[in-house]
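Worksheet: one structure, shown below.
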Amino acid sequence: FMKRRKTWIRYPPGPFSIPFLGNMLQVDFQQPHVSFTQLSKKFGNVFSLQFCWRNVVVLNGFKVMKEALVDKSEDIADRPPFPQYDNLGVKKNCEGLVIARYGRGWKEQRRFSLSTLRNFGLGKKSLEERIIEEAGFLCSVFESKGGQPFDAHFNTHSAVSNVICSMVFGDRFEYDDKRFLRFLHLFEEDMKAESGLIVQFLTVFPSLKYIPGVGKKMFECHAELIKLLKELIDEHKVSLDPAQQRDFIDAYLEEIEKVKRDPETSFTETNLILTTLDLFSAGTETTATTLRWALLFMILYPDIQSKVHEEIDQVIGRGRRPVLGDQMNMPFTNAVIHEIQRCGNIIPIALPHMAYRDTEIQGFFIPKGTTVITNLSSVLKDETYWEKPHQFYPEHFLDAEGKFVKREAFMPFSAGRRVCLGEHLARMELFIFFTTLMQCFTFRIPENQPRPREDAYFSLTLSPHPYQICAKLR
Ligand code: HEM
């Protein structure tokens, strides 16, 4: 490797690496975005690292990210291998969505998922209606707390997860349903197990999984999740009615039937499980964590909360529930939601990309097969772009007349070929959940409790530290 690296002219600079481990010990995997931002101060916005024998290039700052993700989107559209997921049944052309290599399998799954999500609800309850309904259930739970202090983590998580359940399984679950609770618990345990150094090592040394105990928790969660999903898919098969497509699973089972004579197809039952797992893992924690940031910022900044209340009262009033169409008449609330996402910065380094072909970024040579890390955090907090990058300042998204303005460096969903597949759904959920909660309640820090922390902790996503709120009916 060192020999090859020497022959590459214009390869990005980087810190000195030690034999075998490379730079693994120079990155704090509990807050990788912080390590990367520090390294970029020394080595520039495009720098290289070595994770054992993997060549890694880290991209930082808005200008670089725009060139890479937007202008050269396909060049870095691949994903590196994730051998720690082989036990899920991942193989060529059957890799779900999130970790799929850039090729036919990924294209088919992405196109199918996007169009199924888009058409979802035609003639039935639309996705928007389902979110409005779920927001209503969430408000009832908050109301049942009777203004006493509580931690909203579990309830927001259940509500957001139920939106995906409704799409994938055709129905929501009661918040105390045993299977639903098990499902949520397994995802949470898996997230904990997957963050940290051990999984990084498993990525580069897959054989470590044969050492008893290594990755045990993660593998156990995977096995049980697959079992639960298989059960639900089998139940669907029994009641499948081609005349009435109920949900994502029905649509997928019908697609499998349609293309079954194509030996190269990526539509198989294993891939249905992988894609469903992806919709849950990518679509639940992300939106739920953003909502927790939203509530936190509202109790930390009561003046901003009051302005959101004012706008809701003016535009929607109290007599009806918020709908998506209200968004364009609510520039302040819209700016607040954008600022929550910018400051929350929940997926600070996105997911790793891989160079699909030899390419150049900012004049640096990046050979095919190099792992490319997009430090989105460095864009959302880019000091050369934002007026107050480290402060909660909704005015970032407002002009002098108070109109909403789009900002190019607002990239929490990444950009380009691998941009978040659920961006549209997530934006819909954030607006409806947030506005409905704010229409119903005033949130505040419980009396005699200290001001909650505004910094984050990293566990695959950047989350707020646990905090309690009081929700007073308006
Ligand atoms: C990928 C952010 C919600 C499904 C991603 C990526 C980011 C992201 C940064 C990585 C993009 C890249 O590799 O460059 C977010 C945020 C969300 C959110 C901030 C909420 C606030 C959702 C939802 C869904 C979803 C609700 C489910 C429908 C996915 C999928 C991918 C993805 C399937 C993989 C796309 C691919 O590799 O082609 N998301 N996401 N996300 N997201 Fe989201």
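Worth knowing before you read on, the calculation uses all heavy atoms, side chains too, and leaves out hydrogens, waters and symmetry mates. Counting starts at 1 for both ligands and their atoms, following the listed order.
- Some N or O of Ser414 is nearer than 3.5 Å to an N or O of ligand 1, by distance alone.
- Against a heavy-atom cut-off of under 4.0 Å, Leu97 is close to the following atoms of ligand 1: 33 (C), 37 (O).
- When the heavy atoms of Phe413, Phe280, Tyr102 are ranked by distance to atom 17 (C) of ligand 1, first place goes to Phe413.
- Of all atoms in ligand 1, listed by their number and element, those nearer than 4.0 Å to a heavy atom of Ile347 are 2 (C), 8 (C), 15 (C).
- Every atom of ligand 1 is numbered from 1 in the order shown, and the set under 4.0 Å from a heavy atom of Leu376 is 9 (C).
- By the 30° and 60° cut-offs, the orientation of the rings of Phe410 relative to His338 is tilted.
- Salt bridge status for Glu231 with Arg182: absent, with no side-chain N to carboxylate O gap under 4.0 Å.
- In terms of protein heavy atoms, atom 19 (C) of ligand 1 is closest to Pro412 O, 3.6 Å.
- Surrounding NE2 of His465 are more than 12 heavy atoms belonging to other residues, nucleotides or ligands, all under 6.0 Å away.
- For atom 11 (C) of ligand 1, the closest non-hydrogen atom of the protein is Arg418 O, 3.2 Å.
- Note that Arg417 lies outside the cation-pi zone of Tyr102, set by a 6.0 Å cut-off to the ring centre and a 45° limit from the axis.
- Looking at atom 23 (C) of ligand 1, its nearest protein heavy atom turns out to be Gly283 CA, 3.3 Å.
- Taking the charged nitrogens against the carboxylate oxygens, Lys227 and Glu224 have no contact shorter than 4.0 Å, which rules out a salt bridge.
- Ligand 1 has no atom lying under 4.0 Å from any heavy atom of Glu423.
- In this pair, Phe443 and Phe441 present their aromatic rings tilted. The plane angle is within the 30 to 60° band.
- Heavy atoms of Thr374 come nearer than 4.0 angstrom to ligand 1 in no pair at all.
- When heavy-atom distances to ligand 1 are checked against a 4.0 Å cut-off, Leu421 comes that close through both its backbone and its side chain.
- Ligand 1 lies out of reach of Arg427, whose nearest heavy atom is not under 4.0 Å from it.
- Under the 30°/60° scheme for interplanar angles, the aromatic rings of Tyr393 and His396 are found to stand perpendicular.
- Of all atoms in ligand 1, numbered sequentially from 1 with element shown, those under 4.0 Å from a heavy atom of Gln341 are 21 (C).
- Set against the non-hydrogen atoms of Ala426, the atoms of ligand 1 under 4.0 Å away are 3 (C), 20 (C).
- Within a 6.0 Å sphere centred on CD of Glu174, other residues, nucleotides and ligands contribute 12 heavy atoms or fewer.
- Counting heavy atoms closer than 4.0 Å to ligand 1, residue Thr284 contributes nothing at all.
- Proximity of the aromatic rings of Phe47 and Phe364 is defined here by a centroid distance below 6.0 angstrom, and this criterion is not met.
- Of all the heavy atoms of Arg417, none lies under 4.0 Å from any atom of ligand 1, so neither backbone nor side chain is involved.
- Each of Phe280, Phe173, Phe187 was compared with Phe180 under the ring-ring contact (aromatic ring centres under 6.0 Å, His included) criterion, and only Phe173 meets it.
- One distance of note links CZ of Phe332 with CZ of Phe404; it measures 12.5 Å at 0.5 Å rounding.
- The six-membered or imidazole ring of Phe51 lies near that of Phe29, with a centre-to-centre distance under 6.0 Å.
- Of the candidates Ile76, Ile99, Thr290, Leu69, it is Thr290 that places a heavy atom closest to atom 21 (C) of ligand 1.
- One finds no salt bridge joining Glu133 and Arg130 here, because no Lys/Arg side-chain nitrogen approaches an Asp/Glu carboxylate oxygen to under 4.0 Å.
- Residue Arg79 places a heavy atom under 4.0 Å from ligand 1.
- Shortest contact from atom 3 (C) of ligand 1 to any protein heavy atom: Thr286 OG1, 3.3 Å.
- Protein heavy atom closest to atom 35 (C) of ligand 1, with residue, atom name and distance, is Arg110 NH1, 3.4 Å.
- Residue His353 places at least one N or O, backbone or side chain, under 3.5 Å from an N or O of ligand 1.
- Residue Cys420 holds the heavy atom nearest to atom 32 (C) of ligand 1 of all those in Gly422, Ala415, Ala77, Cys420.
- In this structure, Phe297 has its ring center no closer than 6.0 Å to that of Phe434.
- For atom 10 (C) of ligand 1, the nearest non-hydrogen atom of the protein is Leu351 CD1, 3.7 Å.
- Contact annotation: Thr287 has at least one heavy atom less than 4.0 Å from an atom of ligand 1.
- The protein non-hydrogen atom at the shortest distance from atom 4 (C) of ligand 1 is Ala282 CB, 3.5 Å.
- Using bins of under 30°, 30° to 60° and over 60° for the plane-to-plane angle, the ring pair Trp386/Phe397 lands in the tilted bin.
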